[in-house]
Amino acid sequence: MTAHVHHTPTPAPGLLSRLNTSGHRMALALFTFVVLAHWAEHLVQAFQIYALDWPRPQAGGVLGLWIPWLVTSEWLHYGYAIVMLIGLVLLRKGFTGRARTWWNIAMWIQVWHHFEHLLLLLQAITKSNLLGMPVPTSIAQLLFPRVELHLFYNAIVFVPMVVAMVYHLRPNESERAEMRCSCAMATT
Amino acid sequence: MLTVPVSIGPLILRVALLAAVPAIAGFAVLRGFVPEPGRAATATIAASAVGAIVLELMLSAGLALPPQVVVLLLALAAAPLWLILGRDERKARVVAFGRMAAPWIVTAAAVTAFVAFGRAWPPREASESLLHTAIVFALTGLSWFTVCRPTGPGLASVALRVVATTLALAVLAGTAYAITVRPLERSAAHNGPCPIHGNNVELGTDPARMC
């Protein structure tokens with residue numbers, strides 16, 4: 001008598017699963033590149049205003065010199081904010097322990113940053129600016145100027161992201177045991 | 001060229017406001033007559049109140065308040081949402097304090113709103129910003145009413161329901177008035193054909209492009 005054993009084929013892991021396991025390292029590298037490129041643009045803009053003494057409307061970073069209309073488009077800013085938020089949400093599961101806590105902090109700050117850009121985009125689309133201001137104005141912009149505010153937003157999202165990545169690269173034993181990706185540095 | 005004196009963008013905002021405000025007001029008016037609502041319902045109403053305040057800010061030409069106070073008022077209006085959604089045991093004391101303070105915040109917001117409504121009457125040039133200010137205070141009060149627990153036949157409970165109901169009706173009437181007597185007519189009047197290089201050019205109803 002022969003026994004028939006049926007093996008159910010294991011379903012291939014989905015994109016989200018792969019992004020947080022075998023592809024986590026590559027996805028994080030790509031995401032970090034995008035974040036750094038954007039942050040560099042904000043730093044260049046601050047440099048143009050404070051070091052080169054350019055008028056604020058002309059200080060559009062590197063991209064603003066090349067394609068000025070694009071930098072003034074709220075769609076571009078909102079597009080970046082939503083890409084950033086999606087990246088933070090999608091890559092979150094790959095983090096464990098302390099790294100997850102710091103990544104969550106970055107994600108929740110980005111949620112607020114995204115709301116601010118959504119409000120700016122809505123004002124640009126509906127042509128109804130907050131409190132009758134001459135240009136689209138976010139809530140925190142009622143307190144701080146836009147260039148400095150968004151430089152600050154990007155900094156306070158980036159710093160916890162970096163802390164999360166450092167903890168992710170150098171996990172403790174319990175965190176390493178929970179990790180399903182290959183990001184952690186080898187123990188010596 | 002056929003033009004109508006309606007801007008689609010602000011119209012959409014007005015429709016959204018007209019959907020949100022009756023829901024918020026309805027919650028406050030009916031609360032004494034229906035079973036205590038669940039967390040999802042109260043969170044939806046609190047979120048709607050914050051959304052309605054943002055819509056108000058977008059539709060108004062300015063409030064009778066400094067911008068810094070507007071930010072604080074928005075944060076105050078959003079706090080009930082945090083209290084409703086907070087399940088963390090570590091925040092239990094803060095949540096309990098917030099619930100205890102809620103009736104006083106509703107009362108304070110109601111008094112401020114009624115004073116602003118009163119000052120906005122009779123209608124004159126300065127009334128517009130006062131009316132929008134009153135609506136924002138009223139919506140803040142109604143946002144905090146979601147975390148109140150006005151149960152039982154006690155005098156304080158009945159008084160709170162009466163205040164919330166009056167505030168709800170006032171905000172409904174105030175919003176309806178504010179968005180019908182809107183600055184649109186002014187923009188439409190300004191947005192007639194503009195003489196540019198000797199030709200009459202129709203600029204539509206974009207207030208940012210008024211000649």
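On a predicted model such as this, the values are computed, not experimentally measured, just so you know. Order of the sequence lines fixes the chain letters, A, B, ..., with proteins taken first and strands second; residue numbering starts at 1 for each chain.
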> Of all of A/N129, A/L122, A/L131, A/I125, which one pairs up most often with chain B through heavy atoms under 4.5 Å apart?
Replying inline: A/L131

> Tell me, side chain or backbone of B/L57 under 4.5 Å from chain A's heavy atoms, or both, or neither?
Replying inline: both

> Where on B/L63 is there a heavy atom nearer than 4.5 Å to chain A: the side chain, the backbone, both, or neither?
Replying inline: both

>> Taking side chain to side chain donor-acceptor pair (under 3.5 Å) as the criterion, tell me which of A/H114, A/H42, A/E116 meets it with A/Y153.
In response: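 Of A/H114, A/H42, A/E116, side chain to side chain donor-acceptor pair (under 3.5 Å) with A/Y153 is met by A/E116 alone.
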
> What's the verdict on ring pair (Phe, Tyr, Trp, His ring centres under 6.0 Å) for A/H150 and A/H77, showing C-alpha distance, side-chain angles and the deciding distance?
Replying inline: CA-CA 10 Å; A/H150 286 271; A/H77 297 288; 7.5 Å; no

>> Applying the side chain to side chain contact (heavy atoms under 4.5 Å, CB included) criterion to A/F95, which one of A/N20, A/T101, A/L28 satisfies it?
In response: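 With A/F95 as partner, A/N20, A/T101, A/L28 yield a single side chain to side chain contact (heavy atoms under 4.5 Å, CB included), made by A/L28.
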
>> I'd like to know if the side chain of A/R98 reaches the main chain of A/A164, judged simply by a donor and an acceptor atom lying under 3.5 Å from each other, with no hydrogens or angles considered.
In response: no

